[in-house]
Amino acid sequence: EDQVTQSPEALRLQEGESSSLNCSYTVSGLRGLFWYRQDPGKGPEFLFTLYSAGEEKEKERLKATLTKKESFLHITAPKPEDSATYLCAVQRSSSASKIIFGSGTRLSIRP
Amino acid sequence: DGGITQSPKYLFRKEGQNVTLSCEQNLNHDAMYWYRQDPGQGLRLIYYSQIVNDFQKGDIAEGYSVSREKKESFPLTVTSAQKNPTAFYLCASSPSREDYTFGSGTRLTVV
């Protein structure tokens with residue numbers, strides 16, 4: 001069964017303190033792995049898609065990487081406005097277009 | 001601007017009532033989805049549609065119904081058969097097998 005596990009559930013950092021969020025997945029034939037950002041009471045906002053092991057993508061203070069078993073979202077020198085829940089999701093290559101989501105990591109950045 | 005519009009933002013339902021959540025998109029996307037999000041949990045797929053007049057059950061379809069009469073619209077009805085309907089409901093759309101664009105969500109509460 002396809003599964004996406006994110007850790008930690010919650011992470012509190014000081015402004016400027018870099019860290020990483022983990023997304024472990026098991027899927028039969030990965031087509032793509034997605035990262036989304038979700039602010040409280042709002043819909044998720046797309047960040048990155050990764051398709052193959054070794055691929056990396058960056059956007060401002062965020063960098064996503066992918067291996068055959070997991071993905072990391074690295075956040076460098078975070079600011080309070082980076083506080084949000086970060087969701088990881090996978091799409092199987094053989095299925096219809098539906099995507100399976102993890103439960104997310106709640107990130108809080110203290111000024 | 002193109003996007004997805006969900007309405008209403010907040011909805012209250014009495015025991016035994018059916019309620020319908022609206023989802024409209026002007027992105028010309030073929031596929032549309034309904035997810036349910038409970039506190040501390042990931043998004044769970046209720047129904048999805050890849051083309052007009054066709055839709056499939058997701059992982060938690062019991063107590064819900066949908067229709068797809070127009071490409072732009074994918075309303076979700078929460079029926080009285082849904083035992084625990086209080087949740088945050090998210091609609092999304094995508095071009096075929098690509099990342100999703102989400103609406104801003106509807107928070108449904110049973111009173």
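Values below: every heavy atom of this structure, side chains too, minus hydrogens, waters and symmetry copies. Quick caveat: nothing in here was measured; it's all calculated off a predicted structure. Order of the sequence lines fixes the chain letters, A, B, ..., with proteins taken first and strands second; residue numbering starts at 1 for each chain.
- For a heavy-atom cut-off of 4.5 Å, chain B lies close to A:L87 in residues 71-87 of chain A.
- Heavy-atom neighbours of B:E69 CD from other residues, nucleotides or ligands within 6.0 Å: at or below the threshold of 12.
- No chain of hydrophobic side-chain contacts below 4.5 Å, direct or via other Ile, Leu, Val, Met, Phe, Trp or Tyr residues, connects A:F46 to A:L50.
- Interatomic distance, B:R44 CZ to A:S103 OG, rounded to the nearest 0.5 Å: 12.0 Å.
- Linking Ile, Leu, Val, Met, Phe, Trp and Tyr whenever their side-chain heavy atoms come within less than 4.5 Å puts B:L21 and B:Y47 in one cluster.
- B:I60 is not connected to B:V110 by any chain of hydrophobic side-chain contacts under 4.5 Å among Ile, Leu, Val, Met, Phe, Trp and Tyr, and they are in different clusters.
- Around the CD atom of A:E9, the shell of radius 6.0 Å holds no more than 12 heavy atoms that belong to other residues, nucleotides or ligands.
- Note: the hydrophobic cluster containing A:F34 does not contain A:V90 (ILVMFWY, side chain heavy atoms under 4.5 Å, direct or indirect links).
- Atom-to-atom distance recorded for B:L43:CG and A:I99:CD1 is 10.5 Å, nearest 0.5 angstrom.
- Of the two parts of A:Q38, only the side chain, counted from C-beta on, holds a non-hydrogen atom closer than 4.5 Å to a non-hydrogen atom of chain B.
- The cluster map of Ile, Leu, Val, Met, Phe, Trp and Tyr, joined by side-chain heavy atoms under 4.5 Å apart, puts A:V27 and A:I100 in the same cluster.
- Residues A:G43 and B:L90 come closest through the heavy atom pair CA-CD2, 3.6 Å.
- Relative ring orientation between B:Y100 and A:F101 is described as tilted, the plane-to-plane angle lying within the 30° to 60° band.
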Donor-acceptor pairs are to be reported for all side-chain atoms of residues 75-82 of chain B against protein atoms at under 3.5 Å, with residues two or more places apart or in another chain.
unit_1	atom_1	unit_2	atom_2	d
B:T77	OG1	B:T20	OG1	3.0
B:T79	OG1	B:G63	O	3.0
B:T79	OG1	B:A81	N	3.2
B:Q82	OE1	B:N84	N	3.0
B:Q82	NE2	B:E62	O	3.0

